[in-house]
Amino acid sequence: MMRRFRAWRQRLAQALVTLRPLILVVGGLDAIYQAAIRRDGFLTQLYGLQWPLRSVWPALDSLLWLALSLVVAARVATALTVAPSAPWLAAASQLAMAINLRGETVVLATSGPLRVFMAIVLATGWAAFSRLPVARAHAWSLGAGGVFGAFGLAQGLSQLRFWWQLAVPNAWWAWLSGGLTWLGGAIISQPTADPNAATNLAYALSHQNLSGVPRPVTFSTVFLPLAAMGGGGALLALVVVLLLKRRRVAWGLLLPTVVNLPTTALLAVPAMLNPWLLAPMLGVPLMIQAWYAIALWGHLMPPAVFPVPATTPPLLGAWLATNGDWRTLGVALVALGLAVAGYWPFVTRALKEARDNEMA
Amino acid sequence: MKWLKAGLAVVFAGVLMLGLWLPAGRWMQTSVQHRRLAERNAIMPIIFVPGSSATQDRFDALFAALTQAGPTTRAQAHSVLKVTVSAAGKLALSGRLRAGDRQPFIVIAFADNRDGYPTIQKQAGWLATAMRDLQKRYGFTHYSGVGHSNGGLVWTLYLERKAPASLAMQHLMTLGTPFNLAESSRQNRTALLVDLLADRQKLPKTLIVDSVAGTQTMTGDGTVPLASVEAGRYVFQGQVQHFTQTTVTGADASHSDLTTNPQVVRLIQTQLLTERR
């Protein structure tokens, strides 16, 4: 079972590597859309950018991801099976999922990056189908139904992420977010819905000094916009490690990861489902959250109370969320250092394994 | 080659600093400043609702008394806005709120001001319409309410049935409000009191309520029986944060004089006119 998973993952990774240029282009364009065209984008807000055709841009972005997901579905199916029908079936079912008769996109495929994830699931399913006798194909379709059901449930729950945050303490949320990122579904959320954030903001607006903020250590003062560097799993640290190791792919990942969109790195490295990267994706956000909590308890920095756009670059975001307090920048730099150190040994092993596979 | 690379790095860092970091810092400072300003300018009005047969001018004498007793300069006096809601729910506004006045007075009166429970129920709906409009217009989130006579019933019905969560009443003062209408016996509960008791759990838990009764005779203020005012205890006690029942006596303690009774003026001044947030 383990061996089959490893073989599957290797083929998946190889298929994704051949699509790398396309993934980087889509990721880069998406980053520009999210940060500079969307109304709540960081650069849109900062420079007061105005764009014509407001309603067209989201559709274009969505279309871009759909196109990528079709290519991924076909390519991954080709890599997994010799059956000539599999890539066509994978792409066709991926397309069918994006459209339904009511003219709305299907719930399962609403978010662009998640479409690509679904493409991988579908391609795997069709590839497996094409090799099976009829009786086992029925068993597989039941299994696939289970996967879809579980995924739909996870998606539904992620809509309720605000309630999750209330129910689960910070540490668990970081684990959950990191784990889902590793699986390919990058979940990150806004601090505005956090009631503690509202309490803190109300205090900050009526007081000049932030030292008496009522909830100094809470979701919005340690996780967002601080510990979630580059989105769930602190993937910015991964990209920095790849930069330091002089991997050319890192340059292409810089733009999307700096605006906290982790999907491009997940697909292009590919970091998703890489066993070596599970531990840092779960552990590093926890570690830097702990560091921020220590820094807050030790009064090394004021709490991050002012909301910033989700696409604000990590270090800048930490500095802005405290209304330009330089101590915060120092603390955030240390956090980035810790995260890079946390990722380093695992990335080294992952790269070594990839090299060994290439040679074999 | 090395020098070229180092030079490029320095130029890149400089461009990033000037093009992104500096504007970002300035943008954040401006937006925080704006938010602080908005917070400081937030108003907390005191909203007055008159009783049956009374118009939007019902509280003029009270406002004059409050101004006389309070700050004397015109700049410090409370500005007054009067609103009359028509039977169709249309608002007629007169007067205006002065900029910088953090505790303005607003009167909400009703064109249909007949006595009786059916009208009071309708008035609670009109009050909700007016409150929605005023909140949209002036952006306040906290306020205090004063209700004279049936005006206190309109407030209570509004709080139980219509008040949105986004608008928090901090303090309610009812003046001679007959919670059991004209009934002077505790044993006989009118339909109004039964309804008020049924929904009393919906009253805001943080609310502070003062119920003032006037007594001209031993049993009432000449219009409303004391027992009917005291029935308010069954509605509020144990539901809101604090409930205080006060009885004023003396020359100006008749039902219609309650709004200018010196003790009532002092109560409003000490309980409602000190800014607490």
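Computed from heavy atoms alone, side chains included, the values below leave out hydrogens, waters and symmetry copies. Lettering of chains follows the sequences in order, A, B, ..., and the numbering in each one begins at 1.
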- Task: Could you tell me the separation between the CG atom of N323(A) and the CD atom of Q33(B), rounded to the nearest 0.5 Å?
- Result: 9.0 Å
- Task: Check whether any side-chain heavy atom of L320(A) lies under 4.5 Å from a side-chain heavy atom of W21(B), and answer yes or no.
- Result: no
- Note on the structure: Distance col, row M28(B):CE vs T322(A):OG1, nearest 0.5 angstrom, shows 8.5 Å
- Message: Using a 3.5 Å distance criterion without hydrogens, assess whether the side chain of R35(B) forms a donor-acceptor pair with backbone atoms of F306(A).
- Response: no
- Note on the structure: Between V32(B) and L205(A) the two heavy atoms that sit nearest each other are O-CD2, 4.3 Å
- Heavy-atom neighbours of Q50(A) CD exceed 12 at 6.0 Å: no
- Does a sphere of radius 6.0 Å around CH2 in W344(A) hold more than 12 heavy atoms from other residues, nucleotides or ligands, not counting ones at 6.0 Å or beyond? yes
- Is atom NZ of K205(B) surrounded by more than 12 heavy atoms (other residues, nucleotides or ligands) closer than 6.0 Å? yes
- At their closest point, which heavy atom of F42(A) faces which heavy atom of A24(B), and how far apart are they? CZ-CB, 4.3 Å
- Item | R54(A) atom CZ: more than 12 heavy-atom contacts under 6.0 Å | yes
- Is the count of non-hydrogen atoms from other residues, nucleotides or ligands lying under 6.0 Å from W326(A) atom CH2 greater than 12? yes
